[in-house]
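To keep things clear, I will list the structure first and then write my remarks on it.
Computation of the quantities below employed the complete heavy-atom set of this structure, encompassing side-chain atoms and omitting hydrogens, waters and symmetry-equivalent molecules.
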Amino acid sequence: MYVYIVKIYIQNYKKIMDYRVLSSVSKSIAPFSLLLLLYIFPAAETTAANTTYKAFNLSTITFEEGYSPLFSDFNIERSPDDRSFRLLLNKFSGSGVISTEYYNYGFFSASIKLPAIYTAGIVVAFYTSNADTFEKNHDELDIEFLGNVNGQPWRFQTNMYGNGSVSRGREERYRMWFDPSKDFHQYSILWTPKHIIFYIDETPLREINRHPAMGGDFPSKPMSLYATIWDASSWATNGGKAKVDYKFEPFATELKDLVLEGCIVDPTEQIPSTNCTDRSAKLLAQDYSNITTERRKSMKFFRERYMYYSYCYDNLRYPVPPPECVIVQSERDLFRDSGRLRQKKKFGGSDSHSQSHRKHRPGRSSRRRNKVAGGASKSGRRGSAAAAM
């Protein structure tokens with residue numbers, strides 16, 4: 001993704017500078033199903049006084065305390081209290097931020113509201129990665145939101161890579177039980193030495209337990225947290241048939257209730273800090289590290305109702321499912337050997353699944369950790385909405 005982004009930056013440098021000047025002048029379900037969903041899915045609670053988000057009793061931070069611009073800072077709008085920010089996509093560029101530190105395992109979370117109206121070709125990503133430091137054998141955990149044409153819902157996918165295993169992507173794709181452009185919902189990634197859990201609010205969507213046979217495919221090297229918005233017209237909607245329409249720009253995604261919990265490390269250190277052993281134990285003891293009986297029921301309901309692709313059931317791609325896959329018969333019965341649903345559900349949009357989209361994801365350049373004015377860490381990486389993930 002990032003190699004392509006640098007090219008876009010060079011090509012559009014003058015446009016970006018002109019836009020910076022202009023910006024300084026002017027900125028501009030059925031009823032019974034609903035009742036069931038309200039019972040099954042816990043609602044996200046609002047932010048408590050200043051710094052505590054009630055879901056999981058999380059302590060939140062300001063942008064300055066945990067993030068710095070990744071690319072196109074002119075398209076990043078920070079709130080006056082610095083506790084939320086907006087990422088913009090327009091015809092000049094997308095935008096993105098990165099955590100100022102690397103973490104050796106952690107809990108990464110934010111309340112996110114996605115763009116509305118016509119969002120075809122747009123991807124909003126909330127993910128962890130270390131590709132800037134480990135270019136040939138990077139780790140990654142993804143939540144990627146895929147836009148759609150008017151009247152059709154946002155979709156999203158989760159994915160995991162360990163030790164550069166991009167040819168063994170572990171994608172799952174889902175629909176949502178709400179409109180993510182109308183209100184904020186908390187999206188979270190838990191990463192521990194033992195397992196990974198993806199959440200929306202307090203509903204677990206997916207759990208990956210570490211299996212010995214996975215080897216390096218389980219992410220284990222320190223990672224940063226990213227949030228980006230960009231143009232993925234080549235693949236994101238209906239296989240690239242529906243592209244970003246810039247007459248609806250700017251497209252904005254807003255993030256708040258920012259949470260970065262984990263052991264901060266220098267990724268180049270060869271000997272792991274003993275502090276991280278203690279922090280990992282503390283992480284595993286948290287409420288969000290354990291899926292209760294009620295949460296497991298919610299996860300089962302979600303997966304059987306809203307998941308429309310899973311690599312674990314894609315027997316054409318993996319005749320023998322990867323070792324971490326737990327085959328749930330009630331899920332298995334829903335899918336063909338391609339990992340796609342046997343019957344289309346009334347979701348709208350396309351159920352097409354792109355196994356090759358990762359090839360379009362630009363690479364990252366090396367990160368520079370030197371401090372700049374204001375105390376933020378300046379990244380040497382670049383990005384653009386024109387790149388496809």
Side-chain angles (χ1 to χ4, degrees), residues 29-30 32-48 52-58 60 106-114 124-128 141-146 153-160 170-192 194-209 225 227 253 255-259 261 283-284 286-310 312 324 326 328 330-331 334 341 345 347:
I29 311 177
F32 69 92
S33 298
L34 179 59
L35 290 173
L36 180 59
L37 292 177
L38 289 174
Y39 173 77
I40 293 289
F41 294 111
E45 299 183 66
T46 56
T47 305
T52 303
Y53 180 73
K54 288 186 179 180
F56 297 126
N57 194 31
L58 302 172
T60 63
F107 186 77
F108 312 98
S109 186
S111 289
I112 303 174
K113 184 162 69 171
L114 300 177
V124 174
F126 185 77
Y127 65 104
T128 65
L141 295 170
D142 298 328
I143 301 177
E144 297 172 316
F145 304 95
L146 312 177
W154 277 87
R155 300 148 299 143
F156 73 108
Q157 62 187 29
T158 61
N159 211 336
M160 178 191 76
R170 291 161 159 90
E171 306 98 320
E172 287 189 350
R173 283 195 174 189
Y174 327 88
R175 306 292 177 176
M176 294 177 173
W177 65 93
F178 55 86
D179 184 344
S181 69
K182 288 187 176 180
D183 205 354
F184 287 91
H185 288 268
Q186 193 87 2
Y187 302 90
S188 307
I189 301 171
L190 170 70
W191 170 46
T192 80
K194 295 183 177 181
H195 66 334
I196 294 160
I197 303 175
F198 294 91
Y199 281 99
I200 293 182
D201 301 323
E202 291 193 19
T203 299
L205 314 178
R206 177 182 183 183
E207 180 182 30
I208 304 169
N209 289 305
L225 187 282
T253 187
L255 293 87
K256 65 178 184 177
D257 302 323
L258 312 174
V259 177
E261 294 282 355
L283 193 68
L284 286 165
Q286 299 301 312
D287 180 42
Y288 48 68
S289 290
N290 300 284
I291 301 181
T292 63
T293 300
E294 288 304 312
R295 287 179 190 155
R296 198 161 292 280
K297 288 179 182 178
S298 296
M299 182 168 70
K300 181 177 186 295
F301 181 89
F302 169 80
R303 293 176 65 79
E304 292 179 4
R305 180 67 182 87
Y306 292 99
M307 183 169 68
Y308 68 89
Y309 173 84
S310 173
C312 285
E324 75 280 1
V326 177
V328 179
S330 59
E331 290 181 11
L334 299 172
L341 290 172
K345 297 183 179 180
F347 292 127

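- Looking at Ser330 and Glu304, their side chains do bring a donor and an acceptor atom within 3.5 Å of each other.
- Taking OG1 of Thr60 as the reference point, atom NZ of Lys256 lies at 10.5 Å (rounded to 0.5 Å).
- Nearest heavy atom pair, residue Met160 against residue Leu141, reads CG-CD2, 3.6 Å.
- Remark: the backbone N or O of Gln186 is paired with a side-chain donor or acceptor of Asp201 at under 3.5 angstrom.
- Note that CG of Asp179 is 10.5 Å distant from CH2 of Trp154, once rounded to the nearest 0.5 Å.
- To the nearest 0.5 Å, the span separating OH on Tyr288 from CG on Asn57 amounts to 10.0 Å.
- Residue Ile208 comes nearest to Phe198 through the heavy atom pair CD1-CE1, 4.3 Å, listed as atom of the first residue, atom of the second, then distance.
- Between Ile200 atom CD1 and Ser298 atom OG the span is 12.0 Å, to the nearest 0.5 Å.
- Here the OG1 atom belonging to Thr158 is positioned 9.0 Å from the CD1 atom belonging to Ile189, to the nearest 0.5 angstrom.
- In this structure, Phe126 and Ala227 approach most closely via the heavy-atom pair CD1-CB, 4.3 Å.
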| Chi angles and distances behind the side-chain contact (heavy atoms from CB on, under 4.5 Å) call for Leu190, Gln286 | CA-CA 11 Å; Leu190 170 70; Gln286 299 301 312; over 6 Å; no
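- Judged by distance alone, the side chain of His195 and the main-chain N or O of Ser289 form a donor-acceptor pair under 3.5 Å.
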| message | Using side-chain contact (heavy atoms from CB on, under 4.5 Å), reason through His185 and Met176 one step at a time and then give a plain yes or no. | response | CA-CA 11 Å; His185 288 268; Met176 294 177 173; over 6 Å; no
| task | Dump the intermediate steps for side-chain contact (heavy atoms from CB on, under 4.5 Å) on Asp257 and Phe184, then the final yes or no. | result | CA-CA 10 Å; Asp257 302 323; Phe184 287 91; 5.9 Å; no
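- For Arg206, the salt bridge (Lys or Arg N to Asp or Glu O under 4.0 Å) test picks out Glu172, with sequence neighbours left out.
- Between Met299 and the options Leu205, Thr203, Ile291, a side chain to side chain contact (heavy atoms under 4.5 Å, CB included) holds for only Ile291.
- Using a distance-only test at 3.5 Å, with no hydrogens or angles considered, a donor-acceptor pair links the side chain of Thr253 to the main chain of Lys113.
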| request: Just do the side-chain contact (heavy atoms from CB on, under 4.5 Å) check on Phe56 and Glu202 with the steps written out, would you? | output: CA-CA 7 Å; Phe56 297 126; Glu202 291 193 19; 3.8 Å; yes
| message | For Phe156 and Tyr187: C-alpha separation, side-chain torsions, deciding distance, then whether ring pair (Phe, Tyr, Trp, His ring centres under 6.0 Å) applies. | response | CA-CA 11 Å; Phe156 73 108; Tyr187 302 90; 7.1 Å; no
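- Side-chain polar atoms of Ser109 and Tyr199 form no donor-acceptor pair below 3.5 angstrom.
- Here the straight-line distance linking atom CD of Glu171 with atom OG of Ser310 works out to 9.5 Å at 0.5 Å rounding.
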